[in-house]
Amino acid sequence: MNMQIQRDLLLKPLSSVTSIVERRHTLPILSNLLLQAKQDQVMLTATDLELQITVNIHSPGAHNLSTTVSAKKLLDICRALSDDANINLQLQDSKMLVKSGKSRFNLQTLPASDYPVMSSATSADKTLVRIAQRQLKQLLKQVEFAMAQQDIRYYLNGLLLEVNGHQLNLVGTDGHRLSYTSTLLEETYQKHELILPRKTVIELIKLLDDSDEEVSMELGGNQVTFTFGDIHLISKVIDGKFPDYNRVIPTGHQNSFEVERMRLLLAMQRASILSNEKFRGIRMVMTANELRMISTNSEQEEAEEELEISYAGQALDIGFNVTYMIDVLNNMDGERVVFSFADANSSCLVTIPGDDHYKYVVMPMRI
């Protein structure tokens with residue numbers, strides 16, 4: 001059993017699936033990828049039992065090959081070969097011979113029949129949602145930075161994905177800040193919500209194209225399936241109850257100002273240089289038509305930035321984690337941004353002028 005394939009055809013799909021392979025795993029076969037070839041099609045599959053990515057490659061001359069081989073080693077070999085190389089893969093007993101020009105590599109294999117393939121859910125209660133790849137990628141990027149990293153509240157280490165009527169909502173929160181974004185869909189759906197794991201979100205952002213090509217999302221049972229281009233991604237969902245974001249997003253914050261996003265971002269970045277490395281606090285002091293940002297650290301050093309703003313609300317002095325502010329300014333689209341406050345003890349709401357689809361909430365901190 002052997003097959004030929006061009007290096008250029010193999011490299012990108014191989015990188016796509018290998019990125020989810022765990023370095024150390026109790027099951028040796030999970031360090032491998034499943035390689036199947038038949039009738040001019042090559043399928044590469046990798047899984048960590050929570051997430052599975054399959055990429056289809058159209059490769060004339062590919063036929064009848066089915067095995068598993070080290071994902072990382074095969075990728076390293078591919079990367080090291082010249083751009084125009086032709087690769088020959090040949091199965092011999094329990095080894096796979098990889099040949100290209102004068103190069104030869106003999107890799108260990110494990111049987112394809114032992115590979116733990118995840119199959120798509122067969123639940124009758126499935127919701128199929130279609131959206132442009134570019135749009136989904138943009139929505140994910142607007143909220144993913146607010147996800148928790150390794151919180152004991154495991155349901156925060158992911159994103160809420162909710163379809164409800166005409167709307168698709170995505171929400172990320174770590175308990176200190178919350179990022180919400182939404183878009184209108186062409187069809188109407190019954191309410192369906194699930195929590196996407198962090199790893200799945202990060203892989204989707206890497207894999208989705210900046211194109212209007214469609215991605216179909218199949219939501220059902222305890223998993224979700226994304227199909228786009230030549231990629232098929234299956235992910236388990238996090239079992240848990242996501243916080244009610246509607247209770248967190250404030251309404252009626254009276255004190256607000258609109259400002260140029262980049263101008264504020266650069267000022268915040270400068271002010272943050274002397275903030276306390278552990279707590280990252282910054283004071284936002286608002287008075288008539290003026291915003292001062294002040295940070296201090298344990299060495300009694302101080303930074304202050306002053307911005308002219310159009311502000312006629314009450315004088316406020318509120319502390320925030322400056323990293324949370326810089327994150328949102330870095331991940332927003334649009335040239336201008338609106339900051340709204342109620343009083344010195346309440347959250348800050350960050351929005352885009354004339355756009356109801358995006359909201360970001362940050363809790364204050366004592367400084």
Side-chain angles (χ1 to χ4, degrees), residues 1-81 85-101 103-122 197 199-200 202-204 206-207 223-236:
M1 293 207 294
N2 70 4
M3 60 167 264
Q4 294 266 9
I5 189 164
Q6 291 173 308
R7 172 198 179 263
D8 273 8
L9 275 181
L10 187 58
L11 186 59
K12 193 180 171 208
L14 196 50
S15 304
S16 298
V17 298
T18 302
S19 67
I20 68 162
V21 175
E22 300 287 349
R23 298 264 161 171
R24 293 182 182 81
H25 224 294
T26 44
L27 283 175
I29 201 161
L30 290 176
S31 301
N32 285 10
L33 60 85
L34 176 63
L35 195 154
Q36 297 163 298
K38 58 183 180 199
Q39 295 166 344
D40 297 345
Q41 292 291 329
V42 179
M43 265 168 68
L44 304 177
T45 302
T47 185
D48 64 2
L49 301 181
E50 299 290 315
L51 172 63
Q52 175 176 295
I53 300 176
T54 301
V55 185
N56 261 315
I57 310 166
H58 179 70
S59 173
H63 50 268
N64 296 352
L65 189 70
S66 188
T67 189
T68 83
V69 64
S70 165
K72 185 170 184 322
K73 287 172 189 167
L74 189 58
L75 178 61
D76 286 348
I77 289 167
C78 257
R79 278 187 177 142
L81 293 170
N86 263 325
I87 301 171
N88 182 275
L89 306 174
Q90 204 170 324
L91 273 189
Q92 296 174 336
D93 302 324
S94 64
K95 297 272 179 76
M96 185 162 91
L97 179 62
V98 181
K99 287 195 298 189
S100 180
S103 309
R104 295 164 67 85
F105 306 87
N106 242 325
L107 298 175
Q108 284 286 4
T109 64
L110 289 167
S113 54
D114 293 349
Y115 200 74
V117 176
M118 292 167 72
S119 53
S120 291
T122 50
K199 187 171 178 181
T200 303
I202 287 162
E203 289 306 319
L204 277 169
K206 280 196 273 190
L207 294 169
Q223 68 178 42
V224 55
T225 304
F226 296 86
T227 307
F228 51 98
D230 299 316
I231 296 169
H232 188 66
L233 184 150
I234 303 174
S235 169
K236 288 190 176 169

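All heavy atoms count here, side chains included; hydrogens, waters and symmetry mates do not.
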Peer 1: Can you tell me how far apart CG (Leu9) and OG (Ser59) are? Round to the nearest 0.5 Å.
Peer 2: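 Output value for this atom pair is 5.5 Å.
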
Peer 1: Can you check whether Val98 reaches Asn88 side chain to side chain, under 4.5 Å on heavy atoms?
Peer 2: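 Counting from C-beta outward, Val98 and Asn88 never come under 4.5 Å.
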
Peer 1: Could you tell me whether the side chain of Arg7 and the main chain of Leu81 form a donor-acceptor pair under 3.5 Å?
Peer 2: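 Confirmed, Arg7 side chain pairs with Leu81 backbone.
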
Peer 1: Give me the atom names and distance for the closest heavy-atom approach of Leu207 to Leu233.
Peer 2: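 Result for this residue pair: CD1-CD1, 4.0 Å.
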
Peer 1: Are the side chains of Leu30 and Pro116 in touch, meaning some heavy atoms are under 4.5 Å apart?
Peer 2: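 A side-chain contact under 4.5 Å exists here.
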
Peer 1: Side-chain contact, heavy-atom cut-off 4.5 Å: Arg104 with Leu97?
Peer 2: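 Yes, their side chains come closer than 4.5 Å.
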
Peer 1: Shortest non-hydrogen contact from Leu10 to Cys78?
Peer 2: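 What the structure gives for the nearest pair is CD2-SG, 3.6 Å.
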
Peer 1: Is the backbone of Leu51 close enough, under 3.5 Å, to the side chain of Ser235 for a donor and an acceptor to pair up by distance?
Peer 2: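 No; zero donor-acceptor contacts below 3.5 Å.
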
Peer 1: Answer yes or no: is there a donor N or O on one side and an acceptor on the other, between the side chain of Ser103 and the main chain of Lys99, under 3.5 Å?
Peer 2: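 Looks like no, no N/O pair under 3.5 Å.
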
Peer 1: Does Glu22 pair with Lys199 as a salt bridge, N-O distance under 4.0 Å?
Peer 2: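 So Glu22 pairs with Lys199 through a salt bridge.
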
Peer 1: Would the distance check show the side chain of Gln223 and the main-chain N or O of Ser119 forming a donor-acceptor pair, the cut-off being under 3.5 Å?
Peer 2: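 Yes: the side chain of Gln223 pairs with the backbone of Ser119.
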
Peer 1: Are Ile57 and Asp230 close enough, and set up right, to give a side-chain contact (heavy atoms from CB on, under 4.5 Å), and what steps lead you there?
Peer 2: CA-CA 7 Å; Ile57 310 166; Asp230 299 316; over 6 Å; no

Peer 1: What I want to check is whether the side chains of Gln108 and Ser70 have a donor and an acceptor closer together than 3.5 Å.
Peer 2: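 Side chains of Gln108 and Ser70: no pair found under 3.5 Å.
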
Peer 1: Hey, what do you get for CG (Leu49) to NZ (Lys236), rounding to the nearest 0.5 Å?
Peer 2: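 The distance works out to 6.5 Å.
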
Peer 1: Find out whether Glu50 and Pro197 are in side-chain contact, i.e. whether some heavy atom of one side chain is under 4.5 Å from a heavy atom of the other.
Peer 2: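 Contact flag for Glu50/Pro197 side chains = no.
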
Peer 1: Would you check, one step at a time, whether the test side-chain contact (heavy atoms from CB on, under 4.5 Å) holds for Leu65 with Leu89?
Peer 2: CA-CA 9 Å; Leu65 189 70; Leu89 306 174; 4.3 Å; yes

Peer 1: Do Leu107 and Ile77 come close enough that some side-chain heavy atom pair is under 4.5 Å?
Peer 2: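 Heavy-atom side-chain distance check passes, below 4.5 Å.
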
Peer 1: Please check: side-chain N/O of Tyr115 versus main-chain N/O of Asn32, any donor-acceptor pairing under 3.5 Å?
Peer 2: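 Judged by distance alone, yes, a pair lies under 3.5 Å.
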
Peer 1: What closest approach, in Å, do Leu75 and Ser15 show between heavy atoms, and which atom pair accounts for it?
Peer 2: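 Minimum heavy-atom contact is CD1-OG, 3.6 Å.
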
Peer 1: With side-chain contact (heavy atoms from CB on, under 4.5 Å) as the test, would you mind laying out the steps for Gln6 and Ile87 before giving the verdict?
Peer 2: CA-CA 6 Å; Gln6 291 173 308; Ile87 301 171; over 6 Å; no

Peer 1: Between Thr225, Val224, Thr200, which is the residue that forms a side chain to side chain contact (heavy atoms under 4.5 Å, CB included) with Ile234?
Peer 2: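 Among Thr225, Val224, Thr200, the one meeting side chain to side chain contact (heavy atoms under 4.5 Å, CB included) with Ile234 is Thr225.
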
Peer 1: Does some side-chain heavy atom of Leu33 sit less than 4.5 Å from a side-chain heavy atom of Thr18?
Peer 2: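 Contact flag for Thr18/Leu33 side chains = yes.
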
Peer 1: Hey, does the side chain of Ser100 reach the backbone of Asn86 with a donor-acceptor pair shorter than 3.5 angstrom?
Peer 2: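 Yes: the side chain of Ser100 pairs with the backbone of Asn86.
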
Peer 1: Which residue, Thr227, Thr45, Asn56, forms the side chain to side chain donor-acceptor pair (under 3.5 Å) with His232?
Peer 2: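 With His232 as partner, Thr227, Thr45, Asn56 yield a single side chain to side chain donor-acceptor pair (under 3.5 Å), made by Thr227.
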
Peer 1: Any donor-acceptor pair under 3.5 Å linking the side chain of Asp93 with the backbone of Lys95?
Peer 2: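 A pair under 3.5 Å: no.
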
Peer 1: Could you walk me through whether Arg79 and Leu11 pass side-chain contact (heavy atoms from CB on, under 4.5 Å), step by step?
Peer 2: CA-CA 7 Å; Arg79 278 187 177 142; Leu11 186 59; 3.8 Å; yes

Peer 1: Check whether any side-chain N or O of Thr67 sits under 3.5 Å from a backbone N or O of Thr109 as a donor-acceptor pair, and report yes or no.
Peer 2: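 Judged by distance alone, no pair lies under 3.5 Å.
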
Peer 1: For Ile29 and Pro111, which heavy atoms make the closest approach, and how far apart are they?
Peer 2: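 Result for this residue pair: CD1-O, 3.8 Å.
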
Peer 1: Please check if atom CD in Gln90 has more than 12 non-hydrogen atoms from other residues, nucleotides or ligands closer than 6.0 Å.
Peer 2: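 Above 12, so yes.
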
Peer 1: Checking Gln52 side chain against Met118 main chain: does a donor-acceptor pair fall under 3.5 Å?
Peer 2: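 Confirmed, Gln52 side chain pairs with Met118 backbone.
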
Peer 1: Side-chain contact test, heavy atoms from C-beta onward, threshold under 4.5 Å: evaluate it for Asp40 versus His58 and give yes or no.
Peer 2: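 Of all side-chain heavy-atom pairs linking His58 with Asp40, at least one is under 4.5 Å.
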
Peer 1: Hey, what do you get for OG1 (Thr68) to CG (Leu74), rounding to the nearest 0.5 Å?
Peer 2: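 CG of Leu74 is found 11.5 Å from OG1 of Thr68.
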
Peer 1: Might you point out which heavy atoms bring Ile53 and Ser16 nearest each other, and give the distance in Å?
Peer 2: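 Between these two residues, the closest heavy atoms are CD1-O, 3.8 Å.
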
Peer 1: Less than 4.5 Å apart, side chain to side chain, heavy atoms only: is that true for Leu44 and Leu34?
Peer 2: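 They are not in side-chain contact.
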
